[in-house]
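Structure first, then comments.
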Amino acid sequence: MKSRNDLLNTEMPESPASRATFHRKILILFAHPSVERSEAGQPLAQAAARTEGITLVDLYAEYPTFIIDVDREQDRLLAHDVVVFLHPLYWYSTPAILKEWQDLVLEHDFAYGSKGTALHGKIFFSAITAGGTETAYCDKGYNHFSIRQLLHPLEQMAMLCGMVYLPPFALFGARTALEEGRIDAHVADWVQVLRALRDNRLDIEAARELPKLNFKLNSILREG
Ligand SMILES: Cc1cc2nc3c(=O)[nH]c(=O)nc-3n(C[C@H](O)[C@H](O)[C@H](O)COP(=O)(O)O)c2cc1C
């Protein structure tokens with residue numbers, strides 16, 4: 001059976017970001033409890049791991065017993081300019097390890113509070129895959145709320161920490177997307193967004209207002 005490392009193809013040194021001279025260093029915290037069964041999230045994680053200037057952390061592989069190394073995680077945050085939670089939508093939220101990560105890592109006087117300025121000015125957003133269709137995520141749909149509304153706790157987490165919040169990069173109807181062969185196009189968009197953020201070619205102010213980051217990519221990406 002393939003190991004998580006094989007599946008994610010992350011045998012390269014973990015932190016290409018630390019050696020390169022990109023405009024922004026991007027940290028992706030990937031949380032998928034069963035990556036070997038993942039059809040949508042795994043290709044996104046693999047593509048990110050192969051992109052220069054990106055640090056991909058596989059949280060379930062690093063912390064299988066949920067004993068999170070707080071100092072290590074805080075050091076990682078300090079070393080990057082953009083923080084991304086990459087995960088499947090589970091019960092309209094994150095898989096459990098990302099909640100544990102928030103509870104332990106985002107300490108008072110580090111992430112918030114009068115002396116807690118470590119994350120000020122950094123960019124935060126989620127990259128999610130969801131089983132439900134996009135049309136279900138509105139007040140008249142069976143999920144009743146938009147994805148931005150459902151992710152308000154993460155938006156407010158970012159705001160309390162003085163971060164710049166961007167809407168989620170979202171793939172809805174993940175199974176249908178796979179069956180219709182749309183995953184590759186989504187991965188291509190994802191890599192475009194990551195490169196643009198890294199190289200300062202993404203219009204942050206325009207992006208902040210969108211319902212999702214991959215709403216109209218042409219309107220927020222500048223030519224490289
Ligand atoms: C425990 C659990 C909870 C889920 N909750 C949601 C949900 O709230 N909304 C939704 O649209 N899909 C939900 N799903 C479907 C997953 O989001 C979907 O299968 C996943 O994003 C597909 O990506 P993957 O192939 O990488 O696993 C849930 C799946 C599981 C196993």
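We count ligands from 1, going down the list as the structure has it; atoms in each ligand are counted the same way.
- Scanning all protein heavy atoms for the shortest distance to atom 5 (N) of ligand 1 gives W91 N, 2.9 Å.
- Scanning the protein heavy atoms around atom 6 (C) of ligand 1, the nearest turns out to be L89 O, 3.1 Å.
- Within 4.0 Å of atom 19 (O) of ligand 1, not a single protein heavy atom is present.
- For E134, the side-chain hydrogen bond (donor to acceptor under 3.5 Å, both in side chains) partners two or more places apart in sequence, or in a different chain, are K212.
- Looking from atom 21 (O) of ligand 1 to the surrounding protein, the closest heavy atom is T129 OG1, 2.7 Å.
- Protein heavy atom in closest approach to atom 2 (C) of ligand 1: Y90 CD1, 3.5 Å.
- Annotation for ligand 1: atoms under 4.0 Å from non-hydrogen atoms of G41 are 24 (P), 26 (O).
- The nearest pair of heavy atoms linking L194 to I54 is CB-CD1, 4.1 Å.
- Counting heavy atoms closer than 4.0 Å to ligand 1, residue H32 contributes side-chain atoms (C-beta onward) but none from N, CA, C or O.
- A side chain to side chain contact (heavy atoms under 4.5 Å, CB included) with L119 is found for one member of V83, L77, L78 and no other, namely L77.
- Taking any N or O of R37, backbone or side chain, none lies under 3.5 Å from an N or O belonging to ligand 1.
- For the residue pair A136 and Y142, the shortest heavy atom distance occurs at CB-CE2, 3.2 Å.
- Checked against the 6.0 Å centroid threshold, W101 and F85 count as a close aromatic pair.
- The nearest pair of heavy atoms linking V105 to V70 is CA-CG1, 4.2 Å.
- Of the protein's heavy atoms, G131 N, 3.1 Å lies nearest to atom 12 (N) of ligand 1.
- Given atom 8 (O) of ligand 1, the protein heavy atom at minimum distance is Y92 N, 2.8 Å.
- In terms of protein heavy atoms, atom 10 (C) of ligand 1 is closest to Y137 OH, 3.2 Å.
- Near S38, meaning under 4.0 Å from one of its heavy atoms, ligand 1 places the atoms 24 (P), 25 (O), 26 (O), 27 (O).
- The aromatic rings of H32 and F30 sit tilted, their planes meeting at an angle between 30° and 60°.
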May I have the list of side-chain donor-acceptor pairs in residues 169-179 shorter than 3.5 Å, sequence neighbours left out?
{"unit_1": "R175", "atom_1": "NE", "unit_2": "E39", "atom_2": "OE1", "d": "3.3"}
{"unit_1": "R175", "atom_1": "NH1", "unit_2": "E179", "atom_2": "OE2", "d": "2.9"}
{"unit_1": "R175", "atom_1": "NH2", "unit_2": "E39", "atom_2": "OE1", "d": "3.0"}
{"unit_1": "R175", "atom_1": "NH2", "unit_2": "E39", "atom_2": "OE2", "d": "2.5"}

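- Each of the atoms 20 (C), 21 (O) of ligand 1 lies under 4.0 Å from some heavy atom of P88.
- Given atom 25 (O) of ligand 1, the protein heavy atom at minimum distance is E39 N, 2.7 Å.
- Across all non-hydrogen atoms, the minimal contact from K25 to A79 is CD-O, 3.3 Å.
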